[in-house]
Amino acid sequence: MSSLTLIGLPIGNYQDITLRALEVLKSAKYIYAEDTRVFKSLLEHFEINSADKFIDSFHDHSGNKIEMIIEQIQKGIDVFLVSDAGSPIISDPAFPLVKRVREENLTIKTIPGITSVVTALELSGLPPHPFHFWGFIARTKGEKNNFFSEAGAIKGTHLCFESPHRIFETINIFFEVMPLGTLVLARELTKKFETIISLKKEDLSRVKELVLDKGEFVILFHNDSALETISNIEVKELVNDFLNNGGGTKKLAKIFSKILGEDSKLIYNKLKES
């Protein structure tokens, strides 16, 4: 039975490719790649002939090709999908296609490989359970502020991708929202200049000495409880609203819930009893 197969590729070091991936890349005839030039360069490195293969692009703006790929699979063609690095579905373009393949009850397979998410988690020194992966972090300052505030209410280790062009702004915003937190930066994973840096707020004065804003970044931080990372801005807004506009026990319970990281209903019942 024909199928769609996702192939995981190295995230930096070509030696991380799996034997299964090499075997499949040699035999595959229909391959869609995030960037065909990057993919053909990888094939050339491993001395895999691409002349007898159908290789086409499939990226975030290739939605018009989804139905064509569905038809190819339905006609009995095995289709393979790769991204530039890592898994095609981790912050890469595979999801809309995978969703359609599932809707058509067609077969999906995977040749798993290395991922920067797990690699960064392994090297961070942060607790691995639970962990939450958020993809690329928001671009604007306000959106980042909101993200860190909301993530601060969720226990566990949090991971995001970030661009080197915005890394210093992101570091500053993190410590505005979480002044007591620790931010881990994983840079250029599996490559020659792989770097893992743990930052505290007191490191901000020399952050440009510690962090080189080049390459690809995974950023990580951990919350033991909402109390440690609660946004001062959010608490101030709730308190000012209470002082300026008044409010009953429910609103007060909500404020205490944000500060203590506890269920607002339990706090409300305690307030009623007191």
Side-chain angles (χ1 to χ4, degrees), residues 11-12 91 115-241 243 254-262:
I11 60 175
S91 292
T115 166
S116 59
V117 177
V118 175
T119 304
L121 189 63
E122 289 174 336
L123 297 175
S124 69
L126 299 176
H129 303 131
F131 74 86
H132 313 275
F133 173 62
W134 302 96
F136 276 96
I137 195 169
R139 292 185 174 225
T140 70
K141 183 174 181 179
E143 289 173 332
K144 286 179 182 178
N145 193 303
N146 289 337
F147 166 73
F148 287 128
S149 297
E150 292 171 4
I154 303 173
K155 294 181 182 181
T157 294
H158 302 264
L159 301 92
C160 311
F161 293 152
E162 180 56 297
S163 159
H165 310 296
R166 294 185 289 271
I167 191 65
F168 291 127
E169 178 187 59
T170 298
I171 292 170
N172 285 325
I173 294 172
F174 173 82
F175 287 112
E176 286 176 9
V177 177
M178 304 186 189
L180 302 179
T182 298
L183 186 65
V184 177
L185 308 180
R187 173 181 167 272
E188 291 291 85
L189 291 171
T190 77
K191 300 179 184 178
K192 181 179 180 180
F193 297 105
E194 175 181 279
T195 310
I196 308 295
I197 302 172
S198 294
L199 298 175
K200 294 281 192 181
K201 188 175 183 180
E202 53 263 31
D203 297 316
L204 283 178
S205 60
R206 58 192 187 101
V207 68
K208 292 192 176 182
E209 300 172 21
L210 299 171
V211 179
L212 179 64
D213 56 337
K214 292 182 180 179
E216 299 178 358
F217 284 87
V218 182
I219 65 172
L220 310 91
F221 56 96
H222 178 78
N223 303 333
D224 282 326
S225 69
L227 177 59
E228 294 181 1
T229 54
I230 189 67
S231 166
N232 289 333
I233 296 173
E234 186 177 7
V235 172
K236 286 178 181 178
E237 287 177 351
L238 289 168
V239 172
N240 284 327
D241 176 58
L243 294 174
K254 185 177 180 181
I255 296 172
F256 289 162
S257 171
K258 290 289 183 181
I259 296 172
L260 298 174
E262 296 181 5

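Note: hydrogens, waters and symmetry copies are ignored here, and every other heavy atom, side chains too, is used. These numbers were taken from a predicted model, which means no experiment stands behind them.
- The distance from atom CG of Leu189 to atom CD1 of Ile196, rounded to the nearest 0.5 Å, is 5.5 Å.
- Of the inter-residue distances, the one linking Leu204 atom CG with Ile171 atom CD1 reads 7.5 Å to the nearest 0.5 angstrom.
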List the steps, then state whether side-chain contact (heavy atoms from CB on, under 4.5 Å) holds for Phe147 with Ile173. CA-CA 10 Å; Phe147 166 73; Ile173 294 172; over 6 Å; no
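- Residues Leu185 and Leu210 form no side-chain contact, since every pair of their non-hydrogen atoms from C-beta on lies 4.5 Å or further apart.
- Residue pairs that meet the side-chain hydrogen bond (donor to acceptor under 3.5 Å, both in side chains) test with at least one member in residues 127-137, sequence neighbours left out, are Trp134-His158.
- Here Phe217 pairs with nothing under the ring pair (Phe, Tyr, Trp, His ring centres under 6.0 Å) rule; sequence neighbours left out.
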side-chain contact (heavy atoms from CB on, under 4.5 Å) for Val117 and Phe131? Distances and angles first, verdict last. CA-CA 10 Å; Val117 177; Phe131 74 86; 4.1 Å; yes
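- Evaluation of the side-chain hydrogen bond (donor to acceptor under 3.5 Å, both in side chains) rule for Glu194 yields no partner, not counting sequence neighbours.
- The nearest pair of heavy atoms linking Phe174 to Gly181 is CE2-C, 4.1 Å.
- Residue pairs meeting the side-chain hydrogen bond (donor to acceptor under 3.5 Å, both in side chains) criterion with at least one partner in residues 160-170, sequence neighbours excluded, are Lys144-Glu162, Lys144-Glu169, Lys144-Thr170, Glu162-Thr170.
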What donor-acceptor contacts under 3.5 angstrom involve side-chain atoms of residues 118-126, with partners at least two apart or in another chain?
| residue | atom | partner | partner atom | Å |
| --- | --- | --- | --- | --- |
| Thr119 | OG1 | Thr115 | O | 2.8 |
| Ser124 | OG | Leu121 | O | 3.1 |
| Ser124 | OG | Leu126 | N | 3.1 |

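- Within the structure, every pair that satisfies the side-chain hydrogen bond (donor to acceptor under 3.5 Å, both in side chains) test and touches residues 196-210, not counting sequence neighbours, is listed here: Thr182-Lys200.
- In this structure Phe136 satisfies the ring pair (Phe, Tyr, Trp, His ring centres under 6.0 Å) test together with Phe161, sequence neighbours excluded.
- The two atoms that bring Pro127 and Thr157 nearest to each other are O-OG1, 2.5 Å, heavy atoms only.
- With sequence neighbours excluded, the residues satisfying side-chain contact (heavy atoms from CB on, under 4.5 Å) with Asp213 are Ile167, Phe168.
- With sequence neighbours excluded, no residue satisfies ring pair (Phe, Tyr, Trp, His ring centres under 6.0 Å) with Phe175.
- Applying the salt bridge (Lys or Arg N to Asp or Glu O under 4.0 Å) test to pairs two or more places apart or on separate chains, those with a residue in residues 177-190 are Glu188-Lys191.
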